[in-house]
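When a ligand or atom number is given, it counts from 1 through the structure's own listing order.
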Amino acid sequence: MSSIDEKLQDVYDEVLRRNPGEAEFHQAVREVLVSLGPVVSKRPEYVDAAVIRRICEPERQIIFRVPWVDDAGRVQINRGFRVQFNSALGPFKGGLRFHPSVYLGIVKFLGFEQIFKNSLTGLPIGGAKGGSDFDPKGHSDAEVMRFCQSFMTELIRDIGEYTDVPAGDIGVGGREIGYLFGQYKRITTRYESGVLTGKGLTWGGSQVRKEATGYGTVFFVSEMLQAAGESFDGKRVVVSGSGNVATYAIEKVHELGGTVVACSDSSGYVVDEDGIDVDILKEVKEVRRGRIADYAELRGGDVRLGQAGSIWDVPCDIALPSATQNELNGADAVTLVKNGVTIVAEGANMPATPEAIAVFDEAGVRFAPGKAANAGGVATSALEMQQNASRDSWTFEHTEERLAEIMRSIHDRCAETADEFGSPGNYVAGANIAGFVRVADAMLALGVI
Ligand code: NDP
Ligand code: 2IT
């Protein structure tokens with residue numbers, strides 16, 4: 001794995017010292033610092049004005065108690081977080097994750113990634129992330145509603161259309177955003193649509209936001225293919241996860257002529273050689289809130305349910321890890337390479353470990369990092385904010401075309417920046433540098449704040 005430039009080593013040491021025990025945050029910072037070596041050689045002012053040190057320290061971190069009453073009348077306590085990382089480019093923007101694994105280190109890694117991702121979109125949005133260790137799985141709608149109302153009752157002090165605009169992430173979809181927005185509206189007595197994105201279409205949401213992250217990831221891969229004179233036609237694709245990002249990535253791969261032969265959840269994976277049936281997947285996941293085994297049962301036929309090994313054992317041309325961080329390790333990467341993978345693009349945030357990325361680099365596999373490949377979700381959130389601000393709503397076709405354009409421009413900017421800084425074909429370097437420079441220049445202009 002590559003190393004950190006000596007001019008930046010003390011920045012990284014300081015991050016380790018100030019944020020003990022936050023392994024995912026360290027990993028995310030390290031990856032960006034490794035890419036910035038060639039930038040600080042050309043632009044020493046980023047080091048002199050402590051821009052990089054400042055970018056590694058969140059502007060504000062909020063941790064709060066979330067008490068709620070379950071269906072049996074017992075009091076439950078969860079912990080809520082919002083890390084407002086950087087607002088040089090616009091109001092803080094980023095999702096909320098509800099999952100039992102959530103702690104400060106996860107929220108910080110996601111918030112840090114969000115700064116550069118949001119910058120890459122070219123839209124005026126800063127970076128943030130939040131969430132809770134609450135697990136919506138296994139709770140009734142009424143419990144989820146009471147939890148969301150309690151969560152918003154605290155979070156409300158720190159968000160707003162011009163300050164911080166949350167959205168969904170793992171465990172937070174349309175249902176949760178609805179309960180959160182309802183409570184915000186009730187307490188403020190204002191219909192301030194622009195305070196949250198990912199809203200339903202009848203109450204301020206945007207067309208294509210639900211589909212945007214998965215579709216955007218596939219548009220990004222389509223650009224990578226086109227750059228090499230290829231297309232999705234006839235490609236065998238594996239997508240991990242079966243949530244929001246995975247479902248719509250599968251849908252778009254099929255529209256573009258590829259076949260997704262496997263997907264998963266935390267209980268296992270399914271292999272469907274005829275192509276995953278997206279209608280059945282939606283029925284299982286969006287309607288029944290079921291497990292991946294239910295897909296195999298509903299679909300019938302030759303669908304294989306994999307519980308041993310991993311989804312990365314399934315041979316494919318293109319892999320789209322779209323579940324969670326560090327779900328694809330070095331050994332998985334070796335298997336994928338042995339089975340002939342040519343492109344890996346991250347639908348999830350940081351799903352490939354540094355060891356896996358090194359294996360792909362070594363083997364000449366084209367690799368797209370999440371902060372570029374999955375930026376379509378937050379980009380369409382910014383389009384939702386535009387529609388809310390102008391009290392307008394656009395058609396599906398127009399919004400999807402805007403998304404496709406944004407993904408094209410992110411792809412091209414990453415490729416051109418990688419060339420400019422001496423790493424042709426390296427989308428990680430291109431994304432980190434292009435994302436960083438836009439934020440860093442804004443921070444220089446705004447002074448030491
Ligand atoms: P969902 O909650 O809709 O789906 C998450 C999927 O990943 C589920 O299939 C889930 O399985 C699986 N998963 C989650 N945690 C784990 C785990 N610890 N181990 C194994 N499987 C796991 O979330 P999204 O689809 O929205 O998010 C997926 C990824 O994409 C995340 O990394 C997220 O940060 C990222 N992302 C999301 C965006 C969005 O707009 N929603 C935008 C950009 C990135 P199970 O149900 O069994 O837990
Ligand atoms: O990781 C992400 O980019 C998201 N979860 C979406 C954030 C957003 O504000 O739409």
Asker: Taking the ring of Y191 and the ring of F181, is the distance between their centroids below 6.0 Å?
Answerer: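 Yes - the distance between ring centres of F181 and Y191 falls below the 6.0 Å cut-off.
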Asker: Quick test of your reading of the model: are K371 and E31 salt-bridged, counting only N-O distances below 4.0 Å?
Answerer: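 E31 and K371: salt-bridged.
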Asker: Give a yes or no on whether a salt bridge exists between R146 and D71, defined as a side-chain N under 4.0 angstrom from a carboxylate O.
Answerer: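 Here R146 pairs with D71 in a salt bridge, since their nearest N and O are under 4.0 Å apart.
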Asker: Write down, by chain and number, every protein residue that brings a non-hydrogen atom to less than 4.0 Å from an atom of ligand 1.
Answerer: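 Ligand 1 pocket, heavy atoms under 4.0 Å: R97, H99, K117, K137, D169, I170, G171, R209, T213, G241, S242, G243, N244, V245, S264, D265, S266, R291, S322, A323, T324, G347, A348, N349, N374.
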Asker: Report all protein residues having a heavy-atom distance below 4.0 Å to some atom of ligand 2; order the list by chain, then number.
Answerer: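 Protein residues near ligand 2 are K93, G94, G95, Q114, K117, K129, A167, G168, D169, R209, N349, G377, V378, S381.
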Asker: For Y427 and H411, take the angle between the two ring planes, folded into 0 to 90°, and tell me which bin it lands in: parallel under 30, tilted 30 to 60, perpendicular over 60.
Answerer: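 Tilted.
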Asker: Tell me which donor-acceptor pairs under 3.5 Å the side chains of residues 204-211 have, and how far apart each pair is, sequence neighbours excluded?
Answerer:
from : atom 1 : to   : atom 2 : distance (Å)
S206 : OG     : Q387 : NE2    : 2.9
R209 : NE     : G377 : O      : 3.2
R209 : NE     : S381 : OG     : 2.8

Asker: Name each donor-acceptor pair under 3.5 Å that joins a side chain in residues 311-320 to protein atoms two or more places apart or in another chain, with its distance.
Answerer:
from : atom 1 : to   : atom 2 : distance (Å)
W312 : NE1    : E327 : O      : 3.2
D313 : OD2    : S310 : N      : 3.0
D317 : OD2    : R236 : N      : 2.8

Asker: So does K185 have more than 12 non-hydrogen atoms from other groups sitting under 6.0 Å from NZ?
Answerer: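 12 or below, so no.
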Asker: In terms of the angle between their ring planes, are F25 and F112 parallel, tilted or perpendicular, with boundaries placed at 30° and 60°?
Answerer: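 Aromatic pair F25/F112 classed perpendicular.
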Asker: Please confirm whether the ring centroid of F147 lies under 6.0 Å from the ring centroid of F98.
Answerer: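 Judged by ring-centre distance (under 6.0 Å), F147 and F98 do meet the cut-off.
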